[in-house]
Amino acid sequence: MIIAIDGPAGSGKSTIARELSRRLGFEKLDTGAMYRAVAFTALDRGIDLDDEAAVCALASAITIRFTPGESGGSITVDDRDVSREIRTPLVDANVSKVSAYPGVRTAMLEPQRAVAQNHDVVAEGRDIGTVVFPDAEVKVFLTADPRVRAQRRVLQRHGGDVADARALESEVAETLASIERRDALDASRDVAPLVAAPDAVQIDSTAFTIDEVTDQIADLVAQKR
Ligand code: C5P
């Protein structure tokens with residue numbers, strides 16, 4: 001079985017995919033981490049991100065692997081662990097440029113589909129229900145109020161404990177600007193844009209906890225079994 005979870009930045013996809021895969025015993029596939037890995041590696045190797053051919057060649061040449069484990073597991077590029085490096089503001093600011101290149105998307109597609117060959121999967125991203133797994137048995141499009149998404153991101157970064165409320169407020173404003181910019185780029189690109197599949201169940205998580213949203217999706221899964 002494939003569960004596809006798509007949605008904008010910070011809507012809770014990763015946390016919910018992790019919880020759901022743990023409960024159901026499914027593999028988890030974080031496709032955003034793969035696009036982040038391409039962006040990070042291009043920046044790290046000094047490749048000009050405007051050079052589409054060079055970025056696409058890089059995406060085809062590298063090997064990206066996931067190793068499951070505590071707090072989301074790890075991701076490697078050609079055996080180098082880049083789990084932390086892909087989560088920086090620099091990668092946040094550049095990943096949408098890289099992920100809009102059709103050649104990059106083609107290079108990611110086959111390894112993404114390969115994960116589902118021998119496993120039940122919870123896959124999360126922007127185009128899972130529309131392009132990667134259009135026949136997924138369960139499709140969810142997860143949204144939340146943009147300000148709430150920014151607040152959750154900041155609290156996650158600080159381990160949920162923020163001492164200085166004013167520092168938090170400016171960080172929330174910065175994060176909000178960053179995720180809105182990324183959503184606009186992801187939604188407006190020509191290939192595999194951020195859009196709900198026509199048959200996706202839309203869940204607005206603004207007023208729900210992680211457990212409540214996970215319960216809702218688990219109910220959808222139970223109906224399909
Ligand atoms: O999910 P996350 O926020 O880590 O995704 C990072 C970026 O990767 C997105 O902003 C988007 O540009 C790209 N992405 C994509 N298609 C996916 C998943 C992520 O284009 N399926």
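Counting starts at 1 for both ligands and their atoms, following the listed order.
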[atom] - nearest protein heavy atom and its distance:
{"atom": "atom 19 (C) of ligand 1", "answer": "Gly32 CA, 3.4 Å"}
{"atom": "atom 11 (C) of ligand 1", "answer": "Asp186 OD2, 3.2 Å"}
{"atom": "atom 14 (N) of ligand 1", "answer": "Tyr35 CD1, 3.6 Å"}
{"atom": "atom 16 (N) of ligand 1", "answer": "Arg105 NH2, 2.9 Å"}
{"atom": "atom 18 (C) of ligand 1", "answer": "Thr31 OG1, 3.3 Å"}
{"atom": "atom 2 (P) of ligand 1", "answer": "Arg126 NH2, 3.5 Å"}
{"atom": "atom 4 (O) of ligand 1", "answer": "Arg36 NE, 2.7 Å"}
{"atom": "atom 6 (C) of ligand 1", "answer": "Arg182 NH1, 3.4 Å"}

Residue pair [X] / [Y], side-chain donor-acceptor N/O under 3.5 Å:
{"X": "Ser96", "Y": "Arg189", "value": "no"}
{"X": "Tyr35", "Y": "Arg105", "value": "yes"}
{"X": "Thr76", "Y": "Asp81", "value": "no"}
{"X": "Ser205", "Y": "Arg152", "value": "yes"}

>> For Ser14, run the side chain to side chain contact (heavy atoms under 4.5 Å, CB included) check against Glu19, Glu124, Lys28 and tell me which one passes.
In response: Glu124
> Under 3.5 Å between some N or O of ligand 1 and some N or O of Asp127?
Replying inline: yes
> Counting both backbone and side chain atoms, is some N or O of Arg153 under 3.5 Å from an N or O of ligand 1?
Replying inline: no
> Glu137 versus Ile2: any side-chain heavy-atom pair under 4.5 Å?
Replying inline: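 A side-chain contact under 4.5 Å exists here.
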> Any side-chain heavy atom of Thr130 within less than 4.5 Å of one from Val195?
Replying inline: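 They are in side-chain contact.
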> Which ligand 1 atoms are under 4.0 Å away from a heavy-atom of Val95?
Replying inline: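 Those atoms are 7 (C), 8 (O).
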> For ligand 1, which atoms sit closer than 4.0 Å to a heavy atom of Ser99?
Replying inline: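 Atoms satisfying the 4.0 Å criterion: 11 (C), 12 (O), 13 (C), 20 (O).
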> Does ligand 1 have a heavy atom under 4.0 Å from the side chain of Ser96, from its backbone, from both, or from neither?
Replying inline: both
>> Check for me whether Arg189 has a heavy atom closer than 4.0 Å to any atom of ligand 1.
In response: yes
